[in-house]
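In what follows, every chain begins at residue 1, and chains take the letters A, B, ... in the order their sequences are listed. We use all heavy atoms of the structure for the numbers below, so side chains are in, but hydrogens, waters and symmetry mates are not.
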Amino acid sequence: MSVAQSIEEKLRAAFDPVSLAVIDESHQHAGHVGARPGGETHFRVEITAKIFADLNRVERQRRVYEVLQEELDGPVHALSVSASPS
Amino acid sequence: MSDNPVFEKIKQEVDDNPVVLFMKGTPVFPQCGFSSVCVQVLSNLGIPFKGIDVLEDMDIREGVKAYSNWPTIPQLYVKGEFVGGCDIVREMYESGELIEYFNTNGFDVKLANPE
């Protein structure tokens, strides 16, 4: 399974999102620190889920980071997150 | 949490300086795009801040992540409070919330690029 697929699967399972986009932006960082041939190092996640309604910005992103800790500790060098309740 | 000796150092920094940005590189030479965005936002608002280069100190680099329970750099602190990382700073800036936040906290926002 690719890193992107794994991110998507984990987010779906954790948040039951209304909408979800996992965007690989690695190509924009080719040659930068943390970039690898083959990409899958820099991601942007746009997620909308009802569960976020009761959480502030920091808590929303913290929850996303927690779910993706394995990826952040491993192959993912940078993860940009936009999490909203609607 | 309090048994980590570097926490004392971090607490000192965020208590002594009203606005602190833990970042990669320096405000003049950011070494990472996300840190650079935060520097630009603070500069555009005319907010003076202390930049702390985590690349210079591995203990702080790892310590600040545990301190705030936030796994990435940059990290912005205002009056000792963790505000967020690059995504949050950018979102709050674009929505106007960040200006309001600084105003509420007694800072004098001076827009560098009024539109």
message: Please tell me whether B:L55 and B:V37 are part of a single hydrophobic cluster in this structure, the criterion being side-chain heavy atoms less than 4.5 Å apart.
response: no
Are there any donor-acceptor pairs closer than 3.5 angstrom between chain A and chain B, and if so, which ones?
unit_1	atom_1	unit_2	atom_2	d
A:R57	NH1	B:E91	OE1	2.5
A:R57	NH2	B:E97	OE1	3.0
A:R57	NH2	B:E97	OE2	2.2
A:Q61	NE2	B:D87	OD2	3.2
A:R62	NE	B:N69	O	2.9
A:R62	NH2	B:S68	O	2.7
A:Y65	OH	B:T72	OG1	3.0
A:S80	OG	B:D87	OD1	2.6
A:V81	N	B:D87	OD2	2.7

- request: May I ask you to name which of B:G84, B:C86, B:P71 has the most heavy-atom pairs under 4.5 Å with chain A?
  value: B:P71
message: For residues B:V41 and B:L111: do they belong to one hydrophobic cluster (side chain heavy atoms under 4.5 Å, members Ile, Leu, Val, Met, Phe, Trp, Tyr)?
response: yes
ILVMFWY clustering at 4.5 Å (side-chain atoms), partners of B:F29: B:V28
Close contacts, residues 1-20 of chain A versus chain B, judged by heavy atoms under 4.5 Å: none
- request: Treating Ile, Leu, Val, Met, Phe, Trp and Tyr as nodes and any side-chain heavy-atom pair under 4.5 angstrom as an edge, say whether A:V76 and A:I23 lie in one connected cluster.
  value: no
query: Is there a chain of hydrophobic side chains (I, L, V, M, F, W, Y, each step under 4.5 Å between heavy atoms) that links B:I88 to A:L55?
result: yes
- prompt: Can you list every pair that meets salt bridge (charged side-chain N to carboxylate O under 4.0 Å, His left out) and has a residue in residues 38-49 of chain B, with sequence neighbours left out?
  reply: none
Joint cluster assignment, B:V54 & A:L72, ILVMFWY side-chain distance < 4.5 Å: yes
